[in-house]
Amino acid sequence: MELALNRADYLQVGVTSQKTMKLLPASRHRATQKVVVGDQDGVLLCFGMKRGEAGAVFKTLPGQKIARLELGGVLNTPQEKVFIAAGSEIKGFTKRGKQFLSFETNLTESIKAMYISGSDLFLSASYIYNHYCDCKDQHYYLSGDKINDVICLPVDKVPRITPVLACQDRVLRVLQGSNVMYEIEVPGPPAVLALHNGNGGDSGEDLVFGTSDGKLGLIQITASKPVHKWEIRNDKKRGGILCIDSFDIVGDGVKDLLVGRDDGMVEVYSFDNANEPVLRFDQMLSESVTSIQGGCVGKDGYDEIVVSTYSGWITGLTTEPTQKENGPGEELKINQEMQNKISSLRSELEHLQYKVLQERENYQQSSQSSKAKSAVPSFSINDKFTLNKDDASYSLVLEVQTAIDNVLIQSDVPIDLLDVDKNSAVVSFSSCDSEPSDNFLLATYRCQANTTRLELKVRSIEGQYGTLQAYVTPRIQPKTCQVRQYHIRPLSLHQRTHFIHHDRKGQGVFKSDNISTISILKDVLSKEATKRKINLNISYEINEVSVKHTLKLIHPKLEYQLLLAKKVQLIDALKELQVHEGNTNFLIPEYRCILEEADHLQEEYKKQPAHLERLYGMITDLFIDKFKFKGTNVKSKVPLLLEILDSYDQNALIAFFDSA
């Protein structure tokens with residue numbers, strides 16, 4: 001069954017945070033629903049659609065940034081009350097906009113995540129979790145890493161209050177009171193949690209999670225241990241997951257899984273007979289999807305997926321057809337309702353253009369006044385810097401509420417910029433002198449018109465650590481720029497492990513197959529200890545077999561890159577022969593295959609700048625570090641090592657390591 005959805009943009013509010021838009025319950029089956037949305041200007045808006053126009057039900061005055069929005073009410077009744085988290089305060093509103101609650105929590109930080117179940121309120125700041133019942137403090141927990149989301153299993157199905165925290169260290173922490181009942185390792189940093197089917201499934205224990213590196217999974221949270229049911233890898237390299245909902249958009253009687261990602265992708269997963277998710281629909285929007293809900297907003301009887309985006313657009317993907325036939329053989333006509341809408345939009349556009357001209361004149365007059373103060377326009381940036389462990393690179397995503405003019409990238413450590421398919425910006429490199437200023441990279445990305453989101457990929461070198469800076473300039477007047485900084489760590493391509501012995505006191509034991517990793521750790525720890533005047537006793541034990549093992553791990557990658565480079569070098573010569581001979585019949589199958597795949601090979605080679613050199617560098621470091629632990633300096637033998645690598649043979653390389 002094909003799923004066809006048509007886009008309808010309803011209105012735009014201010015910049016929105018994750019999970020700040022909900023649909024109020026419908027008065028009857030498939031009747032239109034009201035939308036409530038909170039933005040970073042602190043405005044809470046409730047609106048509904050009537051004759052194709054968005055009409056406000058209520059709208060609050062601006063205030064502190066709204067970080068979360070949830071619906072609540074008495075258990076087993078329609079959840080019609082609206083709760084928002086702003087700063088360290090929780091406010092409650094009726095569906096008509098009357099405020100009935102203002103609860104100042106005892107949190108010293110701003111609230112980042114919120115969940116409501118009846119009279120129970122679950123909150124988290126960056127590292128602190130609190131549980132309140134009827135606004136009275138019940139339980140507290142300090143997390144070892146940043147809390148991204150919080151949820152509680154449904155108390156009408158599970159006979160215990162079971163909060164679950166999604167933490168940045170790739171762990172879901174299941175709580176009982178103020179204690180951790182158990183921890184669940186997931187394949188990436190969990191960014192969002194949702195009850196499966198909206199109610200936790202038949203048992204109430206089924207929990208869906210989405211990670212910041214784009215993975216999706218279902219876990220059953222039992223009283224004693226977790227049960228992993230399914231997991232979807234991010235093979236298509238799509239964005240991180242920001243929001244999840246359950247709604248039967250396909251119309252087969254089974255709720256589908258709606259997913260919104262930070263690269264603008266909206267996905268619908270249906271469930272087959274084995275309860276495994278199958279992708280049924282996807283559509284790319286131009287900016288990150290911060291909230292997603294299934295329901296009916298535009299017109300009675302037509303289901304849709306409603307999303308809010310980072311810059312504040314409320315958009316529907318509806319089952320309502322965009323065009324209607326007036327009869328057989330007749331041309332398609334725009335009905336009166338559509339004509340009225342076009343007329344209204346034209347009028348609104350003219351009014352906005354006039355308002356822009358007025359404001360521009362006012363700004364010019366005020367800036368030229370003798371009493372004028374410097375007025376730098378502010379703008380919001382949504383950024384993310386994450387490690388992609390599959391290809392050992394970092395993804396830097398920059399999203400601005402208005403169009404980006406250019407982004408300047410500067411680094412005080414050597415890094416490579418990699419190609420990104422969805423990046424249409426033009427990049428130019430400036431020469432820089434690394435000696436006096438530690439300036440290793442200076443690159444400018446010039447964006448096309450209306451680009452609000454830019455994704456870059458960089459690859460660092462382990463052991464060389466420092467800071468990467470992005471200078472973001474949007475298309476606004478007067479010209480202004482914001483700077484974002486990202487730390488490149490000493491072991492930047494390593495990932496946290498969760499298997500640690502807690503009985504050790506005052507000591508750390510580091511193990512690795514790669515001697516270079518241990519060498520980097522030793523150098524960094526020694527340097528930091530000297531800086532802080534801390535006495536460290538470092539001892540090490542080297543297993544000679546590990547060197548050969550590491551070389552064997554590198555071998556497939558090195559062999560592949562060498563073969564790719566050789567194939568690319570042959571392409572021009574083979575094409576010349578093809579032109580000269582008129583066909584390729586005289587070539588051996590291997591060469592014919594190279595010509596057939598020429599475009600693909602060149603594209604792949606272009607995407608991996610300095611990849612071969614990077615592998616050479618890893619092997620060179622391994623060679624130097626092996627003998628450094630023995631107190632021998634072998635840098636003079638590096639040219640000989642590079643000669644062996646140029647005519648690569650695995651056995652010859654291992655023999656050189658053994659004989660040096």
Side-chain angles (χ1 to χ4, degrees), residues 1-5 19 21-33 35 70-73 75-80 115-117 149 151-158 164 190 192-210 215-221 227-232 241-261 265-283 289 291-298 300-308 315-320:
M1 179 180 174
E2 190 66 28
L3 181 60
L5 300 176
K19 295 173 79 171
M21 184 273 294
K22 292 281 187 181
L23 303 188
L24 292 174
S27 56
R28 63 185 189 281
H29 180 61
R30 299 187 84 181
T32 54
Q33 297 169 258
V35 182
E70 288 287 336
L71 299 181
L75 290 175
N76 301 315
T77 67
Q79 304 293 286
E80 297 179 325
Y115 187 76
I116 290 172
S117 173
D149 204 4
I151 205 167
C152 181
L153 300 185
V155 293
D156 55 338
K157 290 186 175 183
V158 180
V164 183
V192 60
L193 300 174
L195 296 174
H196 185 46
N197 282 337
N199 59 5
D202 295 335
S203 65
E205 297 175 327
D206 289 348
L207 194 66
V208 182
F209 67 85
K215 299 183 181 74
L216 195 66
L218 177 66
I219 294 177
Q220 184 178 359
I221 311 291
V227 178
H228 294 262
K229 292 197 168 180
W230 52 257
E231 181 187 310
I232 301 173
I241 297 171
L242 290 179
C243 47
I244 298 170
D245 191 31
S246 293
F247 181 76
D248 181 16
I249 189 69
V250 174
D252 59 359
V254 179
K255 284 190 175 182
D256 308 298
L257 199 61
L258 314 181
V259 175
R261 296 177 180 265
M265 184 63 74
V266 176
E267 298 174 328
V268 177
Y269 291 89
S270 295
F271 291 89
D272 58 19
N273 296 331
N275 284 325
E276 291 287 329
V278 178
L279 183 64
R280 294 292 298 274
F281 172 87
D282 57 9
Q283 183 163 331
V289 179
S291 304
I292 191 166
Q293 292 276 281
C296 178
V297 172
D300 282 354
Y302 291 102
D303 292 333
E304 63 185 285
I305 300 169
V306 183
V307 303
S308 66
T315 298
L317 299 173
T318 175
T319 54
E320 182 184 5

### Task
Output all residues satisfying side-chain hydrogen bond (donor to acceptor under 3.5 Å, both in side chains) with D256, sequence neighbours left out; order by chain, then residue number.
S270
## Note on the structure
Taken in chain and number order and not counting sequence neighbours, the residues that satisfy side-chain hydrogen bond (donor to acceptor under 3.5 Å, both in side chains) with N197 are none
### Summary
Note: L317 and Q283 closest approach over all heavy atoms is CD2-NE2, 3.7 Å
### Query
Rounded to the nearest 0.5 Å, how far apart are CG of L258 and CZ of F247?
8.0 Å
### Query
Where do V208 and L218 come nearest, in terms of heavy atoms and distance?
CG2-CD1, 3.8 Å
### Message
So, using salt bridge (Lys or Arg N to Asp or Glu O under 4.0 Å) as the criterion, who are the partners of D282 when residues are at least two apart?
### Response
R238
#### Entry: Shortest non-hydrogen contact from G72 toward I116
CA-CG2, 4.2 Å
### Task
Supply the atom-to-atom distance I292 CD1 to M21 CE, rounded to the nearest 0.5 angstrom.
8.0 Å
### Task
Measure the spacing between CD1 of I244 and CG of L193 and express it to the nearest 0.5 Å.
7.5 Å
#### Entry: side chain to side chain contact (heavy atoms under 4.5 Å, CB included) involving P277 - partner list, sequence neighbours excluded
W230, I232, Y269, F271
### Query
Who are the salt bridge (Lys or Arg N to Asp or Glu O under 4.0 Å) partners of E80, not counting sequence neighbours?
K95
### Task
With sequence neighbours left out, write down each residue that passes side-chain hydrogen bond (donor to acceptor under 3.5 Å, both in side chains) with K255, or none if nothing qualifies.
none
### Message
For a side chain to side chain contact (heavy atoms under 4.5 Å, CB included) check, start with the C-alpha distance between L216 and L257, then their side-chain angles and the critical distance, and finish with the verdict.
### Response
CA-CA 11 Å; L216 195 66; L257 199 61; 3.7 Å; yes
### Query
Run the side chain to side chain contact (heavy atoms under 4.5 Å, CB included) check on E320 and E304 step by step: do they pass?
CA-CA 8 Å; E320 182 184 5; E304 63 185 285; over 6 Å; no
### Query
Do you know the tightest heavy-atom contact between V289 and C243?
O-SG, 3.5 Å
### Message
List the residues meeting salt bridge (Lys or Arg N to Asp or Glu O under 4.0 Å) with D248, not counting sequence neighbours, and say none if there are none.
### Response
none
#### Entry: Atom of L195, atom of I151 and distance for their closest heavy-atom approach
N-CD1, 3.7 Å
### Task
With the side chain counted from C-beta on, respond yes when V164 and C152 share a heavy-atom pair under 4.5 Å apart, and no when they do not.
no
### Task
Compare every heavy atom of T319 with every heavy atom of L5, then report the nearest pair and how far apart it is.
CD2-CG2, 3.6 Å
### Query
Say you draw a straight line from NE2 of H196 to CG of D202; how long is it, rounded to the nearest 0.5 Å?
8.5 Å
#### Entry: Contacts of Q33 that satisfy side chain to side chain contact (heavy atoms under 4.5 Å, CB included) - sequence neighbours left out
L23, A26, C296
#### Entry: Partners passing side chain to side chain contact (heavy atoms under 4.5 Å, CB included) against V227 (at least two apart in sequence or in another chain)
Q220, T222
### Task
Return the set of residues passing side chain to side chain contact (heavy atoms under 4.5 Å, CB included) with S27 (not counting sequence neighbours), or none when no residue passes.
A31
### Query
Using 4.0 Å as the upper bound for N to carboxylate O, is an ion pair formed by E231 and K215?
no
### Task
Could I get the full list of salt bridge (Lys or Arg N to Asp or Glu O under 4.0 Å) partners for K157, not counting sequence neighbours?
none
#### Entry: Test side-chain hydrogen bond (donor to acceptor under 3.5 Å, both in side chains) applied to K19 - qualifying residues, sequence neighbours left out
D149
### Task
Please report the C-alpha distance between L75 and D156 in whole Å, then the side-chain angles of each, then the deciding distance to 0.1 Å, and finally whether the side chain to side chain contact (heavy atoms under 4.5 Å, CB included) criterion is met.
CA-CA 8 Å; L75 290 175; D156 55 338; 5.7 Å; no
